[in-house]
Colleague: 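Structure in structure tokens, see below.
Throughout, residue positions are numbered sequentially from 1 according to the sequence presented. What's counted below: heavy atoms across the whole structure, side chains too, no hydrogens, waters or symmetry copies. These numbers come from a predicted model, not from an experiment.
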Amino acid sequence: MAFDSEVSSWASVPLNRRCQVVAAAAGKLAEATDELTLLCQSDQRTDPVETITAELLPLCSALRWLGRRGPRVLATRQLGPMGRPAWLWGVRSAVHRDPFGMVLILGAWNYPLLLPGVQAAQALAAGNRVLIKPAPGCESATARMVQAFHDAGIPPTALMQLDSSSDSAIAAINAGVDLIVLTGAATTGRNVLAQAARSLTPTIMELSGCDATILLPGADVQLAADAITFGLKFNGGATCIAPRRLIGQNEICDQVRTALVERLGSADPLVVHPSAREAAADLIERSLAAGCVDVTGRFHAQTLRDSGQMAPTVLDQVCADHPIASADVFAPVTSIVRVADTEESIQQVNQCPYRLSASVFGPPKQAEAVAQRLSVGNVCINDILVPTADPRLPFGGRGQSGFGVTRGAEGLLSMTVPKSISHRRGRFMPHLRPRADSDENRLSAAVILLHGATWSQRWQALRRMGR
Ligand SMILES: NC(=O)c1ccc[n+]([C@@H]2O[C@H](COP(=O)([O-])OP(=O)(O)OC[C@H]3O[C@@H](n4cnc5c(N)ncnc54)[C@H](O)[C@@H]3O)[C@@H](O)[C@H]2O)c1
Ligand SMILES: C[N+](C)(C)CC=O
């Protein structure tokens with residue numbers, strides 16, 4: 001495999017047209033809803049409705065958003081002449097957004113359509129070609145999605161699917177892809193980064209999470225419990241920004257715990273993905289052995305190991321330094337971590353190695369003040385999982401949750417490299433250009449004159465210039 005570095009014919013399609021074609025894929029995906037639902041079910045998902053609510057609806061709305069907003073976000077930025085320094089008079093510049101070239105997208109199993117679908121659409125709108133490597137088990141649903149993009153008018157040479165083995169990803173990296181977008185575990189991030197380092201290939205890393213929900217005194221208990229229940233069960237408990245830790249002081253934790261038991265006490269068990277079963281069973285078993293309490297009382301490690309079935313589980317008395325309090329676990333489990341005050345809640349979030357997203361439940365003003373201090377990629381106030389549905393929001397984590405963003409205007413721009421082109425109109429003005437040897441003193445005086453902090457500094461500078 002080798003990729004030519006020539007501008008592809010897809011990149012030479014006008015920007016507006018590229019965005020229109022990408023948006024048209026929404027219609028083709030909608031037509032394929034029944035097929036995609038069935039394929040996701042045979043690939044990995046147990047609840048067919050999840051394919052529609054968790055994947056197709058947000059994917060289609062992201063594609064339509066790209067059709068509307070993409071041309072403006074990616075438009076060339078024209079810059080008028082700079083007044084200073086004087087030798088730039090007559091020069092006009094423009095900042096273009098070039099595509100990287102060939103973008104490799106490595107997908108995770110939990111959202112086989114939404115994540116690679118939005119990433120591919122953004123890369124294509126920006127004029128890149130795309131290789132999608134699906135996670136093992138997600139081949140057929142991915143192939144049907146790719147078909148929908150082709151049916152919408154994306155050339156087959158601009159969007160291709162690799163087989164699902166890691167070897168095919170490594171071969172593509174070695175063949176010289178120009179950007180790698182990985183969604184996966186932090187350990188996979190390290191391995192892929194090591195590969196990318198050899199060729200200094202840029203990467204966007206969407207990695208592990210262990211999202212916190214901060215419960216402030218005065219929070220609406222029923223609202224918080226409804227949102228946590230929804231987030232815990234969404235997509236079979238396998239969402240990177242699901243509420244994994246509920247952090248708050250005793251009183252609010254007790255109230256939310258009672259409300260969660262009411263909602264989850266008789267909830268249907270969910271099927272945990274085979275790749276997550278052992279890790280989840282082991283972590284929860286160790287937590288219980290260390291003194292944590294299963295407040296819903298329905299966790300059975302052996303059932304999880306044997307059949308993959310697991311009732312939504314809430315653990316209480318989880319210490320901040322316990323492994324489950326900072327674990328990337330893809331099963332319907334959440335931990336209550338009790339703290340002395342709001343300061344400690346903020347510390348718990350900012351000290352966790354995984355800092356993808358967070359939620360804060362409480363009076364809006366206080367919650368906003370807390371949100372401003374959290375070192376995470378997204379914060380929802382009195383809500384949860386908003387970034388899964390709103391295509392305008394950039395999405396990305398901090399710390400070991402990765403770096404770079406996908407989605408939103410910022411994600412779209414991150415599929416491009418900026419390039420400036422400057423035009424001189426009129427005479428070249430060598431007499432205005434600084435000559436480093438003799439003009440050094442005048443130049444430093446000019447800097448102080450233009451940007452100096454005080455009038456007296458500026459006056460001194462003027463005198464130096466006049467010397
Ligand atoms: N941050 C996010 O947006 C986000 C979203 C969804 C899932 N995730 C994370 O993804 C994980 C679950 O998905 P998964 O089990 O599919 O993840 P994974 O890390 O096992 O695999 C992710 C992708 O990388 C590929 N891969 C693995 N090792 C590789 C290597 N050495 N070289 C090249 N490719 C390699 C896999 O085949 C797969 O396509 C969880 O850790 C979850 O937190 C993160
Ligand atoms: C990025 N998101 C939130 C849609 C899926 C995470 O697993």
Side-chain angles (χ1 to χ4, degrees), residues 106 108-111 115 180-197 203-215 228 231-232 237-248 273 275-276 278-287 290 292 313 315 317-340 342-360 370-380 384-385 387-388 394-406:
L106 304 175
W109 61 262
N110 64 322
Y111 281 86
L115 300 178
I180 303 168
V181 183
L182 167 71
T183 306
T187 41
T188 307
R190 289 186 194 97
N191 293 335
V192 171
L193 267 178
Q195 289 286 327
T203 57
I204 297 174
M205 293 278 155
E206 299 281 14
L207 306 177
S208 303
C210 181
D211 274 12
T213 298
I214 293 183
L215 303 167
I228 293 161
L232 204 52
T239 295
C240 55
I241 55 174
R244 295 283 169 236
R245 292 176 289 161
L246 314 179
I247 305 175
H273 192 266
S275 68
E278 183 48 44
D282 178 58
L283 261 175
I284 299 170
E285 266 182 338
R286 281 196 285 141
S287 306
C292 303
T313 298
L315 300 179
Q317 309 299 341
V318 176
C319 303
D321 56 2
H322 196 277
I324 203 162
S326 56
D328 173 24
V329 49
F330 259 23
V333 58
T334 191
S335 304
I336 299 177
V337 180
R338 291 163 186 263
V339 291
T342 304
E343 275 312 302
E344 199 184 337
S345 301
I346 296 171
Q347 274 173 22
Q348 292 293 330
V349 176
N350 291 346
Q351 286 172 2
C352 181
Y354 298 136
R355 300 198 305 278
L356 201 48
S357 303
S359 306
V360 185
V370 169
Q372 294 286 353
R373 294 181 56 197
L374 299 181
S375 173
V376 298
N378 306 81
V379 186
C380 298
I384 214 155
L385 302 192
T388 54
F395 187 80
R398 300 193 188 172
Q400 294 183 27
S401 288
F403 47 81
V405 289
T406 56

Colleague: Using 0.5 Å steps for rounding, measure from the CD1 atom of Ile346 to the CD atom of Gln372.
Modeller: 11.0 Å

Colleague: Any donor and acceptor pair, going by atom type alone, linking the side chain of Thr334 with main-chain N or O of Pro243 inside 3.5 Å?
Modeller: yes

Colleague: Start with the C-alpha gap between Thr239 and Tyr111, add the side-chain angles, then the distance that decides, and say whether side chain to side chain contact (heavy atoms under 4.5 Å, CB included) holds.
Modeller: CA-CA 8 Å; Thr239 295; Tyr111 281 86; 2.7 Å; yes

Colleague: Please find the pair of heavy atoms, one from Leu385 and one from Cys380, that lie closest to each other, and give the distance.
Modeller: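 Smallest heavy-atom distance, with atoms named: N-SG, 4.0 Å.
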
Colleague: Does Ser345 have any side chain to side chain contact (heavy atoms under 4.5 Å, CB included) partners at least two apart in sequence or in another chain, and if so, which?
Modeller: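 Checked Ser345 against side chain to side chain contact (heavy atoms under 4.5 Å, CB included); matches are Ile214, Ile247, Val339.
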
Colleague: Mind listing the closest non-hydrogen atom pair of Leu356 and Ser401 along with its distance?
Modeller: N-OG, 3.3 Å

Colleague: Sequence neighbours excluded, which residues qualify as side chain to side chain donor-acceptor pair (under 3.5 Å) partners of Glu344?
Modeller: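 Residues passing side chain to side chain donor-acceptor pair (under 3.5 Å) with Glu344: none at all.
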
Colleague: Report the residues that fulfil salt bridge (Lys or Arg N to Asp or Glu O under 4.0 Å) with Arg398, sequence neighbours left out, ordered by chain and then residue number.
Modeller: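 With sequence neighbours excluded, Arg398 shows a salt bridge (Lys or Arg N to Asp or Glu O under 4.0 Å) to no residue whatsoever.
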
Colleague: Side chains of residues 181-193: which donor-acceptor pairs under 3.5 Å do they make with residues two or more places apart or in other chains?
Modeller:
unit_1 : atom_1 : unit_2 : atom_2 : d
Thr183 : OG1    : Gln119 : NE2    : 3.2
Arg190 : NH2    : Gln400 : OE1    : 2.9

Colleague: When you measure from the side chain of Arg244 to the backbone of Val333, do you find a donor-acceptor pair of N or O atoms at a distance under 3.5 Å?
Modeller: yes

Colleague: For Asn110 versus Cys240, what's the shortest heavy-atom pair and its separation?
Modeller: ND2-N, 4.1 Å

Colleague: Measuring from atom CZ of Phe403 to atom OG1 of Thr203, what distance do you get when rounded to the nearest 0.5 angstrom?
Modeller: 3.5 Å

Colleague: Restricting to non-hydrogen atoms, name the atom on Ser287 and the atom on Leu315 that form the minimum distance, rounded to 0.1 Å.
Modeller: CB-CD1, 4.0 Å

Colleague: Can you find a heavy atom in the side chain of Val360 that is under 4.5 Å from one in the side chain of Leu374?
Modeller: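 Touching, per the 4.5 Å side-chain cut-off.
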
Colleague: Please give me the minimum heavy-atom distance between Pro387 and Phe395, naming the atom from each residue.
Modeller: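 Residues Pro387 and Phe395, closest heavy atoms: CB-CD1, 3.7 Å.
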
Colleague: So, taking the atom named CG in Asp211 and the one named CG in Leu246, what distance separates them when rounded to the nearest 0.5 Å?
Modeller: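 Answer rounded to 0.5 Å: 11.5 Å.
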
Colleague: Counting only pairs under 3.5 Å, give me each side-chain donor-acceptor contact of residues 317-332, with atom names and distances, residues two or more places apart or in other chains.
Modeller:
unit_1 : atom_1 : unit_2 : atom_2 : d
His322 : ND1    : Ile324 : N      : 3.4
Asp328 : OD2    : Ser208 : OG     : 2.7

Colleague: Can you name the salt bridge (Lys or Arg N to Asp or Glu O under 4.0 Å) partners of Glu278, sequence neighbours left out?
Modeller: Arg305

Colleague: Would you give the length of the straight line joining atom CD1 of Ile384 to atom OG1 of Thr213, rounded to the nearest 0.5 angstrom?
Modeller: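 It comes to 4.5 Å.
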
Colleague: Nearest 0.5 Å, please: how far is OG1 in Thr388 from CG in Leu115?
Modeller: 10.0 Å

Colleague: Looking only at atom types and distance, does a side-chain atom of Asn378 sit under 3.5 Å from a main-chain N or O of Pro394, one as donor and one as acceptor?
Modeller: yes

Colleague: Testing the basics here: between Ala371 and Val379, what is the closest heavy-atom pair and its distance to 0.1 Å?
Modeller: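 In this case the closest contact between Ala371 and Val379 is CB-CG1, 3.6 Å.
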
